[in-house]
Amino acid sequence: MDERPTLFTGARLVDPASGRDELVDVLVVGETIEAVGLGLDAEGADTIDCAGLILAPGLVDLHTHLREPGFEHKETVETGTRAAAAGGFTAVSSMANTDPVTDHAGIVAEIRDKAAAAGLCDVFPVGAITKGLAGESIAELGEMVEAGVRVFSDDGNCVPSSRVLRNAMIYAKAFGDEVVIADHCEDPSLVEGGQMHEGAHSYSLGLAGRPAEAEELVVARDLALARATGGRLHVCHLSSARAVELIRRAKAEGIRVTAEVTPHHLVFTHDDLVTYDTNLKVNPPIRTTEDRDALREGVADGTIDVIATDHAPHAVEEKEAEFDLSPPGTIGLETALAAVLTHLVRPGIVPLARALEAMTVTPARILGAAGHGGPIAAGRPANLVVFHPEEGWVAEAPFVSKARNSAFLGRELGGRVRHTMLRGTFTVAEGKVTR
Ligand SMILES: [Zn+2]
C-alpha cells in the first residue's frame, strides 16, 4: 500500500454493484476505501484529478492463460499479471492448461505464490476437471476446493465424454453449491484440423472449417447435464448465434448456467480473416456478422453474463508460422476495456454500466473473489480502475505482455486506463505500470 492517503477527485463513479453513476471523490487510506462522496478533504493526501475520467471497480477476468508453469516462453505469472494491471484488471482467473496441468492443490498454491510475489494483480487459479486434461478421470476437485478453487475447466480442450462431464458436475456440486464446471464447448470430432469458421470464407480460402454446430451440440449437451444434475455450468467464450439462443432458453427454464464472450468475438467477423491474419485465428473461431450481432445482443440483454478475454499469449515465432501451423489464440488483457468501449459502448449497443457489470461484479461473483468487483464503498478493499472513456490510441507492439499476438494489433481504439489500484497500491499510475 502507499504510505500517504490518495484522494481521487471529481471522478464519474460507475459502480455496477451498487448501481451508482455520479460524480464523486474517493479517499483511499492504506488498503481500504475510507470514504466516497463529494467535497472530501484529506490532510496530506496525494490528490489525483479525475475530471473527465471514470472510476470503476478494478476489472476481473474470468478467462486468462498465464502459461506458467510450463510455457514461460509465451508468458509468465509476472508478465501476464503486469499486462492485466495495464488493462485495468485487479483480478484474473488463470486457466489450468499449464505444464504440469493445474489439477491438484500444489500447482494452485505455486501460481498464487508467484502472483503474490509480483504484486500486480490477484490470481484465482482454475482447476482442471480431469487429470492431466486427458478427459478421462476426474482430478482432485475436493483438494482444490479446499485450497479455494471455485471454477474447474479443461479449457483448451472440450470434455469429450458426456459421462465424465456428468460425473464432474455431480462431484463438484457435492463440494459446494457455488462450485462451477466451465466447458470449452466444441465437439472435437467436428473441429479436428479446423482452422476457422466453416463457411463461405473457409471454402474460398481452402482452409478446413470449425462449424458452428460443433459449439451448439456441446452447449446443448452441457445444458442437459446441468439440468439433470442441478450442477452449475459456465460456458466459455460463446461464438455462435444459436448457442446464445440455447443459453437464453436454458436460463428461462431455470438451469444454473452462466456464459461468457470475448471482446474479439464481439468485434470481428470471419470477413476479417481473408488476409490470413494469424492473430485472428482463435478457438472457437470468429464467425459471421449474424453470430457477432447475436453475441452483442446477448451481452446487452444479460443472456451472456461475462465479457472475458481468453488472453492466449504465444511466442512471436509461433504466431509467425503459416496460418494452418500457427497456434490459435489472441492476447486480450491490455485491449479488452478499450475494445468494449469503442465497439459496444460508444455506438450505443451496450450501456456502460452493463458492460462494466460483465467485466467486474459478475465475474467476481462467479469466482468468489469477494474483495473485487465492487461495490466502491467505505470499508471495502481499494481495488479500482480509473480510465478515460474515449482517449484514442493504437494497439501496438511491444505490449506489456510478453506476447504480441493481438487481434487488435495496429487497430485504433478509444478508451484508456490511467490508474489501476490493487488494495491501495498503484499498479498503474498515469498510464504506466509501476512495478
Ligand atoms: Zn477455450
Side-chain angles (χ1 to χ4, degrees), residues 16 59-65 84 87 89 91-97 124 126 129 150-159 178-186 215-216 218-219 222-223 226 232-248 250-251 255-268 282-287 291-292 294-312 328-333 335-337 339-340 343-344 350 354-369 372-373 407:
L59 306 181
V60 178
D61 191 23
L62 200 49
H63 196 139
T64 302
H65 295 275
F89 291 87
V92 300
S93 182
S94 62
M95 281 296 160
N97 58 344
F124 293 80
V126 167
I129 297 171
R150 276 277 286 272
V151 178
F152 292 93
S153 182
D154 276 7
D155 181 67
N157 300 345
C158 180
V159 177
E178 302 308 308
V179 180
V180 182
I181 295 290
D183 200 12
H184 173 127
C185 296
E186 281 191 296
E215 177 171 276
E216 292 162 37
V218 177
V219 169
D222 289 8
L223 289 169
R232 280 192 59 178
L233 170 69
H234 178 76
V235 176
C236 296
H237 43 49
L238 276 174
S239 67
S240 70
R242 285 202 170 86
V244 177
E245 190 51 34
L246 289 171
I247 303 281
R248 188 174 283 122
K251 285 188 163 184
I255 293 173
R256 302 171 76 216
V257 60
T258 52
E260 74 187 28
V261 63
T262 73
H264 45 278
H265 286 99
L266 289 168
V267 171
F268 299 107
V282 291
N283 291 345
I286 289 164
R287 303 191 191 275
D291 291 306
R292 182 195 64 185
L295 294 167
R296 290 175 166 189
E297 200 184 315
V299 172
D301 72 12
T303 300
I304 300 175
D305 306 81
V306 168
I307 299 172
T309 68
D310 196 4
H311 178 82
T330 168
I331 56 172
L333 290 167
T335 50
L337 177 62
V340 167
H343 293 278
L344 297 182
V350 177
R354 169 67 201 121
L356 287 176
E357 180 181 48
M359 300 178 82
T360 59
V361 60
T362 307
R365 199 183 60 225
I366 293 168
L367 271 183
H372 294 273

Study note, to complete from the structure: Here the pair of heavy atoms bringing Asn97 nearest to Gly156 is ND2-CA, 4.3 Å

Exercise for review: Answer yes or no: is there a donor N or O on one side and an acceptor on the other, between the side chain of Thr360 and the main chain of Leu356, under 3.5 Å?
Suggested key: yes

Review point. Any salt bridge between Asp305 and Lys251, counting N to O under 4.0 Å?
Key: yes

Check your understanding: Quick one: does Asp222's side chain get under 4.5 Å of Val235's, heavy atoms only?
Key -> no

Exercise for review: Just do the side chain to side chain contact (heavy atoms under 4.5 Å, CB included) check on Ile307 and Val299 with the steps written out, would you?
Suggested key: CA-CA 8 Å; Ile307 299 172; Val299 172; 4.1 Å; yes

Check your understanding: Is it true that a side-chain atom of Asp154 and a backbone atom of Val159 form a donor plus acceptor pair closer than 3.5 Å?
Key -> no

Check your understanding: Donor-acceptor pair, Asp61 side chain versus Ala308 backbone, under 3.5 Å?
Key -> no

Point to revise | Exam field: side chain Thr309 to backbone Gly332, donor-acceptor pair closer than 3.5 Å | key: no

Review point. Do you know the tightest heavy-atom contact between Ala355 and Val350?
Key: N-CG1, 3.8 Å

Check your understanding: Less than 4.0 Å between a side-chain N and a carboxylate O, is that true for Arg354 and Glu357?
Key -> yes

Check your understanding: Run the side chain to side chain contact (heavy atoms under 4.5 Å, CB included) check on His264 and Val282 step by step: do they pass?
Key -> CA-CA 9 Å; His264 45 278; Val282 291; 4.0 Å; yes

**Study point:** Nearest heavy atoms of Cys158 and Val218, plus distance in Å
**Key:** SG-CG1, 3.7 Å

Revision key, fill the gap. Separation between CG (Asp183) and CD1 (Ile129), nearest 0.5 Å, reads 6.0 Å

Review point. What's the verdict on side chain to side chain contact (heavy atoms under 4.5 Å, CB included) for Leu367 and His372, showing C-alpha distance, side-chain angles and the deciding distance?
Key: CA-CA 10 Å; Leu367 271 183; His372 294 273; over 6 Å; no

Review point. Measuring from Glu260:CD to Thr362:OG1, what's the distance to the nearest 0.5 Å?
Key: 12.5 Å

Point to revise | Any side-chain donor near an acceptor of the partner, Asp310 and His65, under 3.5 Å | key: yes

Check your understanding: Sub-3.5 Å donor-acceptor pair from the side chain of Arg287 to the main-chain atoms of Arg292, do we have one?
Key -> no

Study note, to complete from the structure: Between Ala358 and Pro363, the two heavy atoms sitting closest are O-CD, 3.6 Å

Practice item. Answer yes or no: is there a side-chain heavy-atom contact under 4.5 Å between Val244 and Glu297? Key: no

Review point. From Thr262 OG1 over to Leu238 CG, what is the distance, rounded to the nearest 0.5 angstrom?
Key: 10.0 Å

Review point. So among Asn283, Asn157, Asp155, which one has a side-chain hydrogen bond (donor to acceptor under 3.5 Å, both in side chains) with His184?
Key: Asp155

Review point. Checking Glu215 side chain against Ser239 main chain: does a donor-acceptor pair fall under 3.5 Å?
Key: yes

**Study point:** Ala339 to Pro263 - nearest heavy-atom pair and separation
**Key:** CB-CB, 4.2 Å

Practice item. Any chance you could measure His265, atom NE2, to Ile286, atom CD1, to the nearest 0.5 Å? Key: 5.5 Å

Point to revise | His63 side, atom NE2; His237 side, atom NE2 - distance, nearest 0.5 Å | key: 4.5 Å

Review point. How far does NE2 of His343 sit from CZ of Phe268, to the nearest 0.5 angstrom?
Key: 6.5 Å

Check your understanding: Is a side-chain N or O of Arg150 found less than 3.5 angstrom from the main chain of Arg365, in a donor-acceptor match?
Key -> yes

Review point. Between Ile247 and Thr303, what is the shortest heavy-atom contact and its length?
Key: CG2-O, 3.8 Å

Review point. Is a donor on one side and an acceptor on the other found under 3.5 Å between the side chain of Ser93 and the backbone of Phe124?
Key: yes

